[in-house]
Each structure stands twice: as C-alpha cells, then as structure tokens.
Amino acid sequence: MSATCEFQAKDYKSDLKPIWCPGCGDFSVVQGIYRALAAIGRPPHEIAFVSGIGCSSRIPGYTTAYGFNSVHGRSLPIAQGIKLANPDLLVLAAGGDGDGFSIGGGHIAHLIRRNVDITYIVMDNQIYGLTKGQLSPTSQKGRVTCTSRFGSLEEPVNPLLYVLAYGAGFVAQASPTDLAGMAAVIEEAIRYPGFAFVNIQSPCVTYGEEAQQIRGLKAISESLVSLGHNPADRLAAMDLAQHYGEKMHLGVFYRNPEPAPTYDALVRERQALLSKDALPKENILDLFIKK
Amino acid sequence: MSATCEFQAKDYKSDLKPIWCPGCGDFSVVQGIYRALAAIGRPPHEIAFVSGIGCSSRIPGYTTAYGFNSVHGRSLPIAQGIKLANPDLLVLAAGGDGDGFSIGGGHIAHLIRRNVDITYIVMDNQIYGLTKGQLSPTSQKGRVTCTSRFGSLEEPVNPLLYVLAYGAGFVAQASPTDLAGMAAVIEEAIRYPGFAFVNIQSPCVTYGEEAQQIRGLKAISESLVSLGHNPADRLAAMDLAQHYGEKMHLGVFYRNPEPAPTYDALVRERQALLSKDALPKENILDLFIKK
Amino acid sequence: MRKDLVFGMAGSGGDGIVSAGDSLLQAAAAEGYHGVMTKSFGSQIRGGESSCRVRIATEPILNPGGNLDVAVALNWEDFLKFGAELPVSGNTVVIYEAATGIKETEIPLVGVTPLQVIAVPIAAMAKETAGTERAKNTVVLGLIAGWFGIGAVAVMKGIRKKLAKKGEELVNANQRAFDAGRAFAMEHPLKTSMAVMPSETKGQVKLITDGNDMCAAAAIFAGCQFFGGYPITPSTEIMQFFTDHVWKYGGAVLQAEDEIAGIGAAVGASFAGKKSMTATSGPGLSLKSEMMGLASIAELPLVIVDVQRGGPSTGLPTKTEQSDLFAACFSAHGDVIRPVLAPTSVADTFRITIEAFNIAEYYQTPVIILSDQEIASRKETLDPIDTSQFKIINRQEPHGADLVDYKRFKQTDNHISPISHPGMLGGTYLASGIEHVESGAPTNSGSVHQRMNDKRTKKFDPLKDRKDLFEVLGNPDAPIAMIAWGSIAGVCREALAMAQAEGLNVKLLVPYLLYPVAEGVYNEFFTSVQKGLIIEQTHLAQTFKLLRMHIDLPKGVKSLARSGANPFLPGEIVAALHHLLSELQRSHEGQLQPQE
Amino acid sequence: MRKDLVFGMAGSGGDGIVSAGDSLLQAAAAEGYHGVMTKSFGSQIRGGESSCRVRIATEPILNPGGNLDVAVALNWEDFLKFGAELPVSGNTVVIYEAATGIKETEIPLVGVTPLQVIAVPIAAMAKETAGTERAKNTVVLGLIAGWFGIGAVAVMKGIRKKLAKKGEELVNANQRAFDAGRAFAMEHPLKTSMAVMPSETKGQVKLITDGNDMCAAAAIFAGCQFFGGYPITPSTEIMQFFTDHVWKYGGAVLQAEDEIAGIGAAVGASFAGKKSMTATSGPGLSLKSEMMGLASIAELPLVIVDVQRGGPSTGLPTKTEQSDLFAACFSAHGDVIRPVLAPTSVADTFRITIEAFNIAEYYQTPVIILSDQEIASRKETLDPIDTSQFKIINRQEPHGADLVDYKRFKQTDNHISPISHPGMLGGTYLASGIEHVESGAPTNSGSVHQRMNDKRTKKFDPLKDRKDLFEVLGNPDAPIAMIAWGSIAGVCREALAMAQAEGLNVKLLVPYLLYPVAEGVYNEFFTSVQKGLIIEQTHLAQTFKLLRMHIDLPKGVKSLARSGANPFLPGEIVAALHHLLSELQRSHEGQLQPQE
Ligand SMILES: Cc1ncc(C[n+]2csc(CCOP(=O)(O)OP(=O)(O)O)c2C)c(N)n1
Ligand SMILES: Cc1ncc(C[n+]2csc(CCOP(=O)(O)OP(=O)(O)O)c2C)c(N)n1
Ligand code: SF4
Ligand code: SF4
Ligand SMILES: [Mg+2]
Ligand SMILES: [Mg+2]
C-alpha cells in the first residue's frame, strides 16, 4: 500500500441519504466498503457496483461508484456481464441473504467455477428485511416469522460451506462488531484476483432476532486469526464453515495461495490470440462464401 | 425384500418407443429404474415421475407411472409440489446435467435443506444432448464443443460434492457399466426416507467424448464398496467426491445413518396438530370478526 | 349531520398513525358504520413517514373517497409527502400539531383555503396526560370522537382490549389521553358541525379485513390445499395467511426459493389433484410466465394472484397501478388463452377468488386474479357474507369407461377432457409442455398441434357468455358510459352516483372477467352509448387497447388513463363526464344545423 | 426449360439427405442459380427421419416454394412423415428407392397422381459403384444432375473439397456413384423434360448462409461486443457463431447457466457501455421477461433475438410459428414499449439486425428481433451485400456540459438522455429498476412516475414514421391487400406474383417494424383497400389483433391465421385472394341493384 492515499473514505460516499432503519447493520457495511475502497484507491468512476433488491441492495446508491440496483437475485449475472465487457473495471456485487442464496442461489456456483474477478458481499441478516420479515434461507430451523408462525420446517443454507464447495478462491466473514476488520477483509477480497466472497453478519434491527443483534453476535464471534486458522487450508475452512449459525467466525476462511486464472483474463488472452484472424468487419460476410 | 414380487420390471415399461439414439446410456438408466421399481413393488399409478427437458428428461414417458415431462430445469420444484400435495405418492425426479445443474441448479440446495422425500436421478453425460452438443456444466475445462470451438474456459461443477455440502441424506453414483449396481442404488435411494440423489454417468453416444463412453468409463470406474468406503462418513464422502471427473466412483457415497425427519412428514405432523383449530370452512370469514 | 366523512392523517413512523386508523375503523365498525381504510408509507422500512385515510359512512362505501373532510397532520413535512393520497380542499377541516410552531394562517398548503384550520397541542397533551408523546395518536382519536362523534366508547374499548396484557396503567394513561383530546374538541367546537349521524345498524356484527386476507380465506373456502409462492410486496400477506391457516385444513404451503419454484410447486400440486395457488406482484408475474404456459398446455387448474403495483420492473413497489393487464393476458410465448379476473373491492374479492378456482377447475386452466395494491392492502368493514350461496366446482375426473384406455386429452364436445391424478388407478398418463396427442404422448405433427390449439382455445367460449361476471350500474340505456375494473371501478361507482345526482344520464360497466374479452357483453352495453370513457390506472391505456383489439368501440368512447400511484378522484371523473356531455350536446346541435 | 424447381427429399437419419441438399445448393450457387434450402427432422436426435427442400431458380427467390416439382423418397415411411413439408402434386416427378419393392403404380401417396413416378435402384447403385450404401445420396445427386441439369460439374467439385482430407479413394468412390446416377438419368429421360435454364450470373460469387449465422454476423458488423445466452433450438447457432468469431473483434460471449443469467450478463455489458445481445426461443423469452422490463426502465440498449418455434411451452421445438408476437410486444409487467422487428428472409436478416442495434442504441431500449425457425434455419444463396451502405448508430454519450452535475435520465426535447458508462469520469449514476428522478435517485412519487412513463413512451414516437421499415409490393392503389411478416411474408411475396399473373389487382404490405404499431403507415396503406387478408402463422390471429388494437381496420380486412408447423402454400393464399375478389365483386353488384 502506498503511503499517501489519493482517495479517502468520504470520496466514495454519495449524497443520497440512506433510508435504512436507524441502527441497521448495513450502515456499518457501507462504511466498511468506503474504507476498503479508499485503501484500494481506484477512482469511483472506475468502479461498478451492482446489487439486487432488498434493504441491503440499496447500498450501491450510497456510494459514488457507478451503481446498478437491479432486480431481485440477479446482481451476479449483471456484474459478470460488466466485468466481461470491460475487465478494467473494479466490479463489486452485493445484496441480502435472500437475494443471494434464495432467488439468486443458482448463479453463485457458476460465477465461482468461471472465476470471474468480482467481489461479492452478502449482508446476511437471516431475514427478508425489505418485505418486512419473512423467513430467509439463512433463518434457523424453528424460527417464527410472519411466514412461519408455527416455526420454520427447513434447515438453513450454509453460505460459507456452499461457496467453498463451489471452489471459490477467497471466502471470508465479517460483521459490524468489528468495523476495522470488516474493512480489511473487504479490501483483501477486492485485491484477490478472482471471485471473492464476503459474508457479513449485518443485523436487522427491525425484524432480526435478539441473538442476531450486535450484542448477540459478539457473544458468538471468534476471530479466525486468533484460532490460528491457516487460510490456505481449504478442508479446515470447510470444517470451520460447518459451524455457520452457531459460531460467528470472523476473518478469512480461505484464500487460494495459487489463484487460478480468472475468466476475464482468459477471455482477454483469447481475444489477443484470435484478433489476427479477424476479417475486417465490413467483409465479415465473406465468411459465407463457400470456396 | 419379500420373496414374491407383485410387480415385474416390465410392468413399469410403457408402450412409448424411446427415441434416444441407438446406444444412448439412457436406455440402461430406464432399465435400472424399471428394476428398482419392481423391487420396491409400488403400483405404477402410485408413482409420480417428473422431469425437465432434455434427452434424458424423456424418461418418464417410457414408464407406466404418472409422468410429467415439464419445462427445462424445473423437475424438482414440481416434484416437491406433488409430494407435499400427496405424501403417499412415490415421487421421482430425473433429468440431465444441464437440466439439473445449470438452469435448475438453484433448486437443489433448497429441496435438500427441506429434505423433501424425493429421489432425484441425474443422467450426467457432460453435454447438452437434446440441443445437439453444447457445453454442459459438467463438461471438462478445455473441452471443445459447438459452443466452445476454442475450448471451454470454465471449471465443471461437481454435483456430488455440491449435494453433500447441501446436506443431502443419500448420495450415490451409478453407471450403465454396471446395470445391476445401478438398479440396486436406485432402489436404495428410493427406500431412503428423505431427499436422495443419484448421479448416473450415462454416455451420450452422439455428442459425448470418447472418454465418456462405456469403455472410457469402465477404465476410470471404482466401486466404493471395494474401496472400503464407509457410507456413514460424510467427510470421507466429500473427500472422495473431489475426484468427480477423474475417477468414476460407483455406489453409495453417503447415507445418513440417522435420517432427519422429512419435510413432508413435518407437514403432516403440523396438519394433524392444527386441524383441531380449524373453523368449519363455511365460517372461515369469522376470522375477520374483531371481538 | 354528516353521513360520510373522510379522514386523512400523516406523521412520522413512530407516531402510530396507522394504528390510530385501525382503532378508528374498528370503533366505527363496532358502532355500525361502514368504513374503508388505506395506508401509505414512504420507502423507509422504519421511522419514515406514514399516513392513512379512513372513510366512514352510514351507507356502504366502495372506495376510499376523494378529498379529505378531515386532515390531521402530526407534522407538515410528512403530511406534504402524501399530497396525492391526502388531498385537502376548501371543505376540509385541518387539524395539526401546534408544536410545529406554524400559525393557523400560515400552514404550508398551497392553493387552497381549508374550511377551518385548528392547531392542537397534541404532543403536549399526550405528554401531560399519559406521560409520553407516544400517546399522541390516542389524543387524536379523542379529538375525532369529540368533533365527529365516532368512537366515543368503542375506541377505548378496542384500545383496552389491545393493551390488556400490557397492564392497567398503560390503559389508564391512554384513557386520559383520549379524554383530553375529546375534552379539547368539546371546548373548541367546529365552526360548522361535522358530527356523523348515528348508524342504524349499530350492534350488528361487522367483519374487518383487507383484500389479501380475503383472497386467501376465499381460496381456502374454495378448497385450495396448496400454496407455493415467494414474498413480494404487496402480495405477501396472501402467503402469510396460508402459513397461518392452511394446515388446519389438511393443506400445505411452501415459501419457495423463488417465484418459479413457487408456481412450479403449485403446478405439481395441481397435477397431484389438489386445488392450488400462487400469488405475486409484477416482477414475480414476469418470472412465472414460462410456468403459466406449461400449465396452459398441460391443462392444469391453477390460480395465480397478481397484486399489481407500479411498474415496469421494480417500479413503485408500494403504490397501486393496473399496468399488468397486458402481461396477465399476453405473457408467455405461444398461442394461449388464460382467463383473467379482477375484484373491485375487499368484499367482492371473496366471490372473485372462488370464481377463479371454479373457472380454473372447470376449464383446467391457469386463471389470473388481477388484484391491486389498493384493494389488497386496504381494510374494509363488511357485513357478514352468507357463504352457503357460493357453489364450488371441482375438476371433472374420469370414471368407469373413461378409464378404459384412458385418454387424458380426449377431444370432447365441450373440449374439456376428464382429468386423472397420481394415485388414481387406470388414469396414468404423461403430462407435458410438449405438444401431445390425446393420450398425452408427444408429437411434432402440425395438424395435431392445430387441433389441440383449437381445443385449448374453444373450450373457453362459454366463458364469454358469463354475464354474471359483469355489472352494469346506472341507466342501462344511457348515452354516456364508463368502463372500469379493479380498484378504479370503486372510484367510478362513486363518480356514477355523483354524476347521477348532478343529472347526468350515465352508466358504468364493471367487468370482473377481463380476458378472454366477452365481445357480446360489451357490444350490448355499447348499443345505447354515444360517448364514453374507459378509465384505468395505466400509462398505455391498456384496457382501452385490449377492448379495441376485440370490439369495435363507438367513436365517442375514449380513454382516460393515467400512471399509477396518483389516485383518481371521483370528482375529476365527473368533470370528464360533464365534458363528454357537452361534446355530445355540441354534436347534436350540429345535426340540427344545415350541413355545409 | 424451367426457371424454377423445387426438390424435396426424405430418408432416414443415416441417409445423408441433408448433406445431399447442401451439396445441391452449393453446386447451384456455384453455377449462378439462386437457391433456398430448408430442413426438417423427426424428434429423434440421431437415426430418425430427415428431409430437406431445395428450391433452385434463375431469378431471386424469397421462400421455399409450394408443391414439389421433384420428390425423392429413399423410403416411403420416412417420406410420408413429412406430408406437410413435402407436398406432392400432379406436376411432381417422384423418384424413389426401387429396393422398397413398391410398384410405380402403387406408391403410397394418397389422392394424387404425380406427373411421373420412377423407381431407381439407388442403394444397389451405391453399393455397386462405391462399395457402400452410404453413397446413396451421391447417387441421388447424380440423378438430379442428369435429369435437371444442375451440378454436373459443381457437385463433384464440392464433394471433392469436402472429402479431400479423407483420401483419394473415397472421392473416387463418390465420383463413380455420381456418374452412375447421372448415367441412369440419361438412359431414362423424363416424359417431359424438366432441365433448368442455365443461369446468366454463372461465375459470380454467391454467399450461402442461414438466418441465424446471418443474424450473428450482422450483430458483429453492427458493433456488438457481447453475447450472453443459453442454448435453445432453433436459436442456438447464433450463440455458436459468437463463440467462433466474436473474440476476434475484442468481444466476449457467455454461455450462461440459464436464460436469465444470459440476458442479465447482456444487460450488464450494455450498462458497461458495450453493444450487447442475447438470443433465445419461446421458453427462454418467457424467462427473460423480468430482465427485459429492467432494461426498459433503466433505458439500456439491448438486442434480444427470439427465434420462434411452435408454442405454447415446449410446444413444437423444431417447427416454425409466429405465435410469440404477443409475448414480444406485451410480456413483462408494467407499462412498457419495446420495439419489435422481424426479418422476412436470410438476406434481410442482415439489415434488420443492424436496424435493431441502431434502434436499441439510439432509443436506449431493448429491441426484439422476431425471427422464426424457418428463416433462422434455412439456407439461402445471396448476392454479395455492399456493407458500406449501412449506417451504424451508437448511443449518445454525455460531453462537456452534460457531465457537470450529470443527470442520467434528463428530460430532453426528444426524451432521450445522453448515457454514460462505468469508466467515464463525471458520469457516475445509479441505474435501477426502481422508478427514479432525472439523476437516477429512486423515488416513489406518482407524478415523477407519470413523467418518466411519458419520457419512456414518447421517445419512440419518431419510430412510427420510419416508412423505410415497411415495404409495399404490387399496385399501391389496389383494392385487395395482404399484410404479412416474417417468413410468411416470403410466401405472400410469391402469392402476390402468382395473383398478379392471374390478373388480380392486389398489393402486399410487409412490416419489418411490428411494434410500436405505425398507425400512419397502415392507414395510408388501407386507403385504397376494400378487401384484405392479414396472413400469419398463429392460432389466435395475433397480428390481426395487434393491428386492430391500434388501427380501424377496413371492414373487408380479415384474418388468415393458422397454427405453426403446417406451412402456408402460395397457392392457397392465391385461392383466398380469389375468394376476396369474388366477394368484392358481389358487393359491388349489390351497389348497382336497387336497395331494398
Ligand atoms: C422477482 C422479485 N421477487 C420478490 C421481490 C420482493 N423482494 C424484495 S427484496 C426481497 C428479499 C429481501 O431479503 P434480503 O435479500 O435478505 O435483503 P434484506 O432486505 O434482508 O437486506 C424480496 C422477496 C422482488 N422485488 N422481486
Ligand atoms: C427454458 C429452456 N431453455 C432451454 C431449452 C433448450 N434445451 C432443451 S434440453 C437442453 C439441455 C439438455 O441437456 P441436458 O439437460 O444435459 O440433457 P441431455 O439432453 O443431455 O440428456 C436445453 C438447453 C429449453 N427447452 N427450455
Ligand atoms: S428492515 Fe432490517 S435490514 Fe431493512 S433497513 Fe431496517 S434494519 Fe435494515
Ligand atoms: S443425443 Fe446423446 S443423450 Fe441424446 S439420445 Fe442421443 S446419445 Fe442419448
Ligand atoms: Mg436479508
Ligand atoms: Mg446432458
């Protein structure tokens, strides 16, 4: 990191006033993102920040980046199109647990196996905030919400374990209980050359359960560094990830020590390799001449 | 198993003549299903067999069960609706690798975490057969097809590892290289009380690569029993599953020794518990009287 | 004394505006009045601005009314955000929080001088009597009881019940706040009394509910045993109702991972022989298109509720609109007819929902119920409904001879084929989205395709004769006409009454069946019509165009269409009718003059 | 000598029917003829029945023709499966495999006596000359060269090139088979000679391609740099072309995990400033509805190709139909206008695709290209296209002053706002599916919504004046008219020529722009019209209804609509025109008689 930063956190903060509930965890998340971006130092106009729909998905609007508050569950496909269209951009995607693991759950595995160089941040609050408190895919079994008055009958998904199984090169978890740690982890995720996933336990103060508020989260939090976890050990990471929901491990679960080539890099390579074979565009129809 | 079977394999075979290419692996799969169903002995009309779209998805039509050849990627949501509507039915779902892991990939995790008592059979041929030979999500990186003339840039998905990570209670693999083994595994999957997944390496003779034909598959096949694998050991199963694509392990990767309650059973329980609270339907509007 | 009053109140999130509205509506119901309540919020989940309108009348009412008779502003900033929902006129009494410091002569309402403006130290009274400003809404209820005579007893009875568990002191504090408000009103009588006449039906049982709950209850009544869906505003409460109740009736509900899985599960349940349903709003409807097509070609009964909000895309998620009409009729590729029904009020949502199931089951088809945010979310007081008058139709199952060499898609005289389901011996078949012959076996024959398309189209012909799915109000021979559906029909009902009171010879057609378009019904309606308006809350005049697509509209029939969120007021519709009248008269003048 | 011949051939999968068709078409092109080839298969992937039609003429042709002039049946079972695609008439010469053992007088064609029927020992000749029955198709090509004078030299030249790598012996074996066929023909001359006139353009370069490849090539020519899609018949070849070529032009292509991700990536690429595209068929179009709505409200350029096949649902995946018209115009909830264009041939697919990109970029909107299986999959010979005549339009970017306090959705005179993209300094904004103010910030204001809906609607007004997106053929003042689009327009072009040759005073309107409906163009066209047909391959008469929705159709204009797969023959359209003519004459008779 260079000694003088060209940009400061406030340069990434837009004029739009957040309309999150007072106390919502997402306020911290956007702060963490400002800080991480400042540390990276890319000018805002070279950043594309895509989200789906949800309280958390409002986040791009609160930054000075090019934002895209798209449709529910589709931040990743859109982010991927942006990155392939212009690999020079820094591309972020973000959204909620519902957005990412429920309606959008079919896309993650594919971005990961393609290893598109995108950082994906999920604000995991174990609830559907924007639609006022329904079960989310990360809600605990038995949980009572307005769509589960008699308790949920389903096991929750395990975002950390899933993305590890999908083969993600960078997997981390953070929480507003440690803002500096969150900023650091986001920064590292962005710097990782390849698909990076950060799960953030971001409390919903309005519909969240007591145990998922800051105090509750603190009680179950444990730093992966202090546990002596080696982030190069994928199997150990999967083992730790099994505790998602009981424990809140903070920090980097896995960082591939030998990052695989990114899809966008492979695309560039291929473009470079094949450009010499291009007919001038105005002659493209010559392809149809049978000789 | 009882000594006298009420039904024989042929009772599950319909009059519809399969239009698969001569030699297609799916011919064996449907045979395996006939045998497994005969061993189970449920009458055809108590079976609902749902598929998506693809060569493999034609399979319900070749059985005498109630079949539903639905739309691409949606066999599981539909199968789940059937099971919840009538838990007495034996519900099977089947389809191709594209159907299941590409367009339908978002549904599997959710059926598994709900533990709906369905058996899901994927005919994995590493290609899109019906649409004439495009890349599938299980195609190897580098593979040349009509949509990847310069080689695929993507890692394949790992169906076995994914479903294990999702927490499936029964996970197995089979292949036409061992028809008896396939029938046995399917039977076991159906008998398993909960979501059961069987991946079948079913060669596409028309668009498949040499290595994925019967001969090639035989060369890399290894029986899990002969390896001494303990199907109660989920971590060992995940470890073995890592070799998907290089090795073809046949048999049961994982069988939960203590099957969790199924979603359909929980639903029944809840129905029984709450039925006493029902207002007679004709008085249902009394719910809206504010007292 | 008044027969009808419209209250509008606004404040910030913590002010308890909506809960005050609820109390007022319940009190009114307990006192025998008819009432309608609508809410409107800012985009913030908590702590943002919120508002409600409560209309109370001695006669049945079918829309939330136009300009306010009584406006209550707990602060002006928030009140002004609801300019469209809370219109103030020269006949409005404006009550506002004195602590805003604004003089009665300087309230920030542009272009209007209200009937009377009263600053009330609401917060101070709450603090003083209840020890907390949180009792502001109770003070407001006291003021309303004092000035307008509603809820003097019933409001506190309701509050007491609500707070019973929270202890006597809280109840007493609220009683003091209420009394203080009432006393203030008594001490400061209005210039013109606006007290409401006592209701004649006092003491009769009234139901209170909103369109979403009514829809779900009706579905269960109709025999629906499966709901598969995904949350989306403003439809989520339908699923919520199912999760609360359907188990009791042996049914199941699935909050699925997305809209496609939700409708997919519902399609599966229907295939399995159960009546089933899904509900959503615009974005979800778009996602369900493919599955709707599948249900159509597989001829599976299914009810899909679309509670419309502002579109396109995410649009205006909390505002009402009617712009999903085209999508409801035409989304999903290929040649498909899918019946579309629309309720016009909470009350008729009961009947229309049952009708939707009956049509779905009888015709073996998906049916869309096009509700809208306004109907879905507003609360109405209702007189008890005699449920025994509703006939329930179940799908026709195969029996005896049908099951010998059973043909699922058998060509029959009425184009409807008896349908089996898993579990039924002899009824096995292959359901599919692929074109199929009578047995269900796939085909790629063009001539079979033509025949099956004929079957799937012609089976709906009888629907177009269902005159009972249309309502004509006013003089059936009137030369001036309106057509409106959904919540806008309610506004037009009111406009009709106003116009008639002003001597206009006008009628109103309310279609509950929007698609397929019943040409005959419209042609008959238009016989007498020289001028008319098709009134709708869409930008593209979708209803007008849908009708024009099927019917030769009389030349004088025009579109009155406007994007959602901005409510139509009965008054402006009456003005438009007057305009039509003058056009009509001018054209008749013309006839009497020599032709050039 | 003939100027025009239609060949139809059928056999089983291994017979190489399609490859014979390809060789014939290429040979014809090399000899200067114009040609069109269509294929049709059974549902089996391999080993099932397959067929092709090749039409060859000295003049340009724009559809695959009607009844066959020459029918080739390698076996009758398979031939009969293509009854609709390969219609035999009294003017057809039928050539078939003698080994079928069926007598020339007993061939299983019902209700028709062909001009001549010839049993040829095709398999035996192949075996004898080439040592394998796999050379049957080469024997057939020899027969065709012998009897009809096409490809005597060029066929073997082509085969030689194709088989070069496989060794001299294979080439020689084929040469022997070809010669044997040709010799057989010489020895058994037809009763009536049917040899084709030599072409005057012999030696000129001809292109051969199908609609899908043409579409993809045109897209790259227009500057498309991103394709995101998912395989689906019959559109997949568009993506395939991109995977083969787009890299060379610095672009990228993504075979996504599903249709939603495919269009999602394309939306992202467009947001990132690149021209982008997706392609699909009916089921995929349904799935893309939500994203199309997003692109409309976010005002992002995007081209969506829908290669139509039989619907609804999976329907008839390998057969052509036009029934996605409603879905193309109206799917996606909310008030949206999304331009829809349709090519009518492989040749004009080039122009229409460029036009689609130009409209998408200029108006900042998704545009649908409604192709169909027939155009997409058929091969045409084409004269070289002068690509320099095509103007490419790029989206208007903000500059200088625009970028001071940049407003992405600024209200402008033409309702089009300069659009920035990530990477552009000063242009940052929030794109969204939520309603927004000019800056892009979300809003839930009804009045902003109304204004933005106005903007998004009115910007398309100039499109309706684009007369160049319509073609009128025949006598512009004719009283009898046809309207047809897509591949059916080609059939109607042929019908027009036939009708004119039979003395009918008729004209044809071919719209390339289907939506928004250009009222003015149609009204002008209808000025002279008393009787007319709107001809389309839909079951519900979707085109007729779409026009009626916007235009007062003259009373005499009727619908001629039919489900897909069953091809329209020019002859039957001419018959329908004759019927119109007699109606017209009867009605004029009426005018001359005394009125009752
Ligand atoms: C296609 C579609 N389906 C459903 C919705 C409704 N919806 C909006 S946000 C949301 C879920 C919000 O939960 P989450 O993604 O966890 O975000 P949070 O609000 O909790 O941050 C839903 C169901 C929608 N806008 N679009
Ligand atoms: C919504 C939708 N998208 C795409 C298709 C086209 N399609 C049909 S089958 C298929 C994939 C087939 O591959 P797979 O699922 O592996 O089955 P296989 O044919 O190999 O058995 C595709 C892309 C479709 N029918 N519907
Ligand atoms: S509802 Fe929950 S997630 Fe949404 S803004 Fe409020 S606290 Fe945050
Ligand atoms: S294409 Fe492949 S998968 Fe399909 S039927 Fe033929 S061999 Fe089987
Ligand atoms: Mg959430
Ligand atoms: Mg496959």
Side-chain angles (χ1 to χ4, degrees), chain A residues 16-24 26 51-58 61 68-74 96-107 125 127-139 143-154 157 204-208, chain C residues 12-14 39 41-49 81 212-213 216 227-248 252-262 279-288 307 309 311-315 317-318 377:
Chain A
L16 217 57
K17 191 173 158 285
I19 56 173
W20 289 315
C21 306
C24 176
D26 298 348
S51 65
I53 295 287
C55 292
S56 41
S57 287
R58 300 195 197 270
F68 198 156
N69 189 179
S70 72
V71 289
H72 195 36
R74 313 302 171 190
D97 40 336
D99 194 74
F101 306 126
S102 195
I103 188 167
H107 303 299
N125 57 9
I127 198 80
Y128 282 10
L130 187 66
T131 45
K132 310 201 167 178
Q134 297 79 27
L135 272 186
S136 109
T138 54
S139 300
R143 171 133 184 221
V144 173
T145 69
C146 64
T147 48
S148 59
R149 195 214 284 202
F150 306 105
S152 149
L153 299 174
E154 306 160 315
V157 303
C204 172
V205 294
T206 302
Y207 302 106
Chain C
S12 66
K39 305 167 271 189
F41 305 98
S43 335
Q44 223 162 318
I45 299 288
R46 215 183 53 190
E49 65 276 16
K81 286 182 186 148
N212 277 340
D213 279 359
F227 182 98
Y230 188 72
I232 185 165
T233 306
S235 78
T236 314
E237 294 79 7
I238 296 176
M239 179 163 63
Q240 287 173 197
F241 190 97
F242 272 91
T243 60
D244 285 353
H245 298 291
V246 76
W247 321 100
K248 304 175 191 168
V253 46
L254 182 80
Q255 181 185 329
E257 55 273 23
D258 62 21
E259 279 85 354
I260 298 176
T280 190
S281 187
L285 187 72
S286 287
L287 286 170
K288 288 175 200 283
V307 182
R309 60 190 218 184
S313 195
T314 307
T318 59
S377 308

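Each chain gets a letter, A, B and so on, in the order the sequences are listed, and its residues count up from 1. Below, all heavy atoms of this structure are taken into account, side chains as well, without hydrogens, waters or symmetry copies.
Residue contact with chain A, scored on non-hydrogen atoms closer than 4.5 Å, involves the side chain of Leu287(C) exclusively. Of the two parts of Pro22(A), the backbone and the side chain both hold a non-hydrogen atom closer than 4.5 Å to a non-hydrogen atom of chain C. Proximity to chain C (any heavy atom under 4.5 Å) is shown, for Phe101(A), by neither the backbone nor the side chain. In this structure, the portion of Tyr230(C) lying under 4.5 Å from any heavy atom of chain A is its side chain and not its backbone. Contacts between Thr145(A) and chain C at a heavy-atom distance below 4.5 Å are absent for every atom of the residue. For chain A, the nearby part of Ala256(C) is the backbone; its heavy atoms alone come within less than 4.5 Å. The parts of Ser43(C) that come within reach of chain A are both its backbone and its side chain, each placing non-hydrogen atoms under 4.5 angstrom from that chain. With a 4.5 Å cut-off on non-hydrogen atoms, Thr236(C) touches chain A through its side chain but not through its backbone.
When Asp244(C), Ile232(C), Asp258(C), Thr233(C) are compared by the number of non-hydrogen pairs under 4.5 Å with chain A, Asp244(C) comes out ahead.
Scanning all heavy atoms of the two residues, the minimum distance from Ile103(A) to Glu259(C) falls at CD1-OE1, 3.3 Å. In plain terms, the two heavy atoms of Thr243(C) and Cys146(A) that are nearest each other are OG1-O, 3.7 Å. Minimum heavy-atom separation, Ser313(C) to Val71(A): OG-CG1, 3.4 Å. When all heavy atoms of Thr314(C) and Ile53(A) are compared, the closest pair comes out as OG1-CD1, 3.5 Å.
By the salt bridge (Lys or Arg N to Asp or Glu O under 4.0 Å) test, Arg46(C) pairs with no residue at all, sequence neighbours left out. Residues meeting the salt bridge (Lys or Arg N to Asp or Glu O under 4.0 Å) test with Glu237(C), sequence neighbours left out: none.
Side-chain contact between Cys55(A) and Ile45(C): present, with at least one pair of heavy atoms (C-beta onward) separated by less than 4.5 Å.
At least one test fails for Lys248(C) against the ring of Phe150(A): distance under 6.0 Å to the centre or angle within 45° of the axis.
Put simply, NZ on Lys17(A) and CD on Gln44(C) are 5.5 Å apart, with the number rounded to the nearest 0.5 Å. Taken to the nearest 0.5 Å, the OG atom of Ser148(A) stands 7.5 Å off from the CD atom of Gln255(C).
Judged by distance alone, the side chain of Glu257(C) and the main-chain N or O of Gly105(A) form no donor-acceptor pair under 3.5 Å.
Of the N and O atoms on the side chains of Gln240(C) and Gln134(A), at least one donor lies less than 3.5 Å from an acceptor on the other residue.
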